[in-house]
Q: 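My questions all concern the structure below.
Sequential numbering from 1 along the given sequence is applied to the chain's residues.
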Amino acid sequence: MKHKISAVIMTLAMAAVCMTGCLDSDKKGSTDQNDQNTAAATEAAEPVTDENGEEMSESMELMRIKFKDVPEIESGPLIKMSNTEAKPGEIAKVTVSVTGADKKWSMCGIHITYPDVLECQLDDEEELIAEYELGKATEHNSGFVAMDWQRNLDPELTREHKRSVFFTTMFQDNNGKDGDIATFFFKVPNDAQPGTVYELGYYYMDSDMFRDLDANMSFEKYAFEHLEGGSITVR
């Protein structure tokens with residue numbers, strides 16, 4: 001995997017480290033914020049449900065609370081993960097894509113989640129840089145970084161036996177396209193049973209984003225309130 005060596009990529013890398021806690025650094029501030037986020041979600045008047053009527057996690061409830069006063073728009077970015085299959089011991093390819101935002105977005109920072117029994121494939125094991133392949137949506141990016149969040153996990157992820165890949169990219173203009181953003185790779189356990197389904201989802205942090213140059217919060221609200229997860233099914 002080749003990474004662009006530039007000031008932009010260094011900025012994105014620093015952002016990835018700060019947002020995921022991938023390195024063994026002091027996480028007290030992040031942990032305190034997570035506690036506040038969980039408390040805020042707990043105090044919500046009613047449980048928040050997703051598009052399928054299922055109760056959402058604390059982090060995604062926080063997202064709804066953050067955007068509750070932001071005006072709605074009828075249509076916008078639809079970000080989703082693929083549903084794929086793999087045999088025990090094989091590497092599954094998981095693609096994150098977007099529609100409804102062709103040449104309308106300039107930056108994103110998103111955490112996707114996966115069960116901790118899967119093994120994210122890394123391009124750099126020491127720095128926890130995730131292996132990835134870029135798609136059409138990000139072909140004109142000014143920098144792209146993806147990191148596997150394995151250490152100092154927030155309580156919600158630990159409790160649910162999940163890990164997270166954080167990816168971030170930016171463009172010089174609203175040059176983000178519709179299509180595949182990036183494909184990531186996960187090894188299925190050797191002893192996985194056929195028919196097992198590993199659910200893939202999202203973890204929201206206050207620093208996550210999906211923005212145009214004008215930082216239109218309604219645009220970002222639509223993107224995060226309409227996230228679609230994916231799955232890996234063992235065949």
Side-chain angles (χ1 to χ4, degrees), residues 1-4 6 8-9 11-12 15-16 19-20 50-52 56 60 63-64 66-67 70-85 92-114 120-121 123 129-147 164-186 199-205 207-233:
M1 185 72 60
K2 295 181 179 179
H3 299 284
K4 300 177 181 179
S6 65
V8 172
I9 220 46
T11 299
L12 289 171
M19 286 187 246
T20 63
D50 61 19
E51 298 297 321
N52 298 318
M56 301 178 73
M60 298 307 286
M63 176 269 296
R64 289 292 179 97
K66 176 180 177 179
F67 290 114
V70 176
E72 302 272 356
I73 54 177
E74 292 185 0
S75 62
L78 178 60
I79 301 166
K80 63 181 179 179
M81 282 185 277
S82 59
N83 296 301
T84 187
E85 296 182 349
K93 297 182 179 182
V94 175
T95 299
V96 182
S97 62
V98 61
T99 55
D102 196 41
K103 292 189 176 180
K104 295 179 180 178
W105 62 285
S106 65
M107 180 181 293
C108 78
I110 298 173
H111 290 81
I112 62 174
T113 60
Y114 64 94
C120 178
Q121 300 302 286
D123 192 46
I129 305 297
E131 183 180 348
Y132 63 83
E133 289 181 358
L134 295 179
K136 177 182 177 182
T138 49
E139 61 185 352
H140 297 305
N141 75 80
S142 297
F144 190 102
V145 172
M147 301 184 74
S164 176
V165 172
F166 171 78
F167 66 89
T168 180
T169 188
M170 64 184 299
F171 303 84
Q172 302 241 346
D173 208 332
N174 282 333
N175 286 326
K177 297 181 179 180
D178 279 352
D180 293 345
I181 295 175
T183 297
F184 302 99
F185 305 89
F186 300 91
E199 300 291 343
L200 309 169
Y202 302 88
Y203 182 81
Y204 183 79
M205 296 187 75
S207 50
D208 287 2
M209 65 186 75
F210 192 88
R211 296 181 182 169
D212 59 9
L213 283 180
D214 296 327
N216 183 338
M217 293 306 291
S218 293
F219 180 86
E220 182 165 296
K221 174 180 180 176
Y222 190 98
F224 282 103
E225 289 194 347
H226 292 81
L227 294 171
E228 292 187 8
S231 65
I232 300 171
T233 300

Q: In terms of heavy-atom contacts, does NZ of Lys177 have more than 12 from other residues, nucleotides or ligands at under 6.0 Å?
A: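 Yes, because the 6.0 Å sphere around NZ of Lys177 holds more than 12 heavy atoms from other groups.
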Q: Can you tell me how far CE of Met170 sits from OG of Ser106, rounded to the nearest 0.5 angstrom?
A: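 Ser106 atom OG to Met170 atom CE measures 7.5 Å (nearest 0.5 Å).
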Q: Backbone N or O of Asn175 within a donor-acceptor pair of the Asp173 side chain at under 3.5 Å?
A: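 The answer is no, because no donor-acceptor pair under 3.5 Å joins these two groups.
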Q: Could you tell me which non-hydrogen atom of Ala92 sits nearest to which non-hydrogen atom of Thr84, and how far apart they are?
A: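 So the two residues come closest at CB-CG2, 4.2 Å.
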Q: Looking at Ser231, is its backbone amide N or carbonyl O close enough to the side chain of Glu199 to form a donor-acceptor pair, meaning the two atoms are under 3.5 Å apart?
A: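 Answer holds: no.
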Q: Roughly how far, to the nearest 0.5 Å, is the CG atom of Leu200 from the CZ atom of Phe184?
A: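 Answer rounded to 0.5 Å: 11.5 Å.
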Q: So which atom in Gly109 and which in Phe166 form the shortest heavy-atom distance, rounded to 0.1 Å?
A: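 Smallest interatomic distance, heavy atoms only, reads C-CE1, 3.6 Å.
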Q: When rounded to the nearest 0.5 angstrom, what is the spacing between CD in Gln121 and CZ in Phe185?
A: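 Interatomic distance, Gln121 CD to Phe185 CZ, rounded to 0.5 Å: 9.0 Å.
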Q: So which atom in Ala182 and which in Phe144 form the shortest heavy-atom distance, rounded to 0.1 Å?
A: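 Of all heavy-atom pairs spanning Ala182 and Phe144, the closest is CB-CZ, 3.7 Å.
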Q: Examine Tyr132 together with Phe167 and report whether their ring centres are nearer than 6.0 Å.
A: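 Ring centres of Phe167 and Tyr132 not closer than 6.0 Å.
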Q: Scan the side chains in residues 94-103 for donor-acceptor partners under 3.5 Å anywhere in the protein, sequence neighbours excluded, and list what turns up.
A:
residue : atom : partner : partner atom : Å
Thr95   : OG1  : Thr183  : OG1          : 2.7
Asp102  : OD1  : Asp178  : N            : 3.0

Q: Does NZ belonging to Lys93 count more than 12 external heavy atoms closer than 6.0 Å?
A: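 No, NZ of Lys93 has 12 or fewer neighbouring heavy atoms, counting only those of other groups under 6.0 Å.
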Q: Does Phe67 offer a backbone N or O that forms a donor-acceptor pair with the side chain of Lys221 under 3.5 Å?
A: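 Confirmed, Lys221 side chain pairs with Phe67 backbone.
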Q: Would you check if the side chain of Ser218 reaches a backbone N or O of Glu72 as a donor-acceptor pair within less than 3.5 Å?
A: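 Checking the backbone N and O of Glu72 against the side chain of Ser218, no donor-acceptor pair under 3.5 Å is found.
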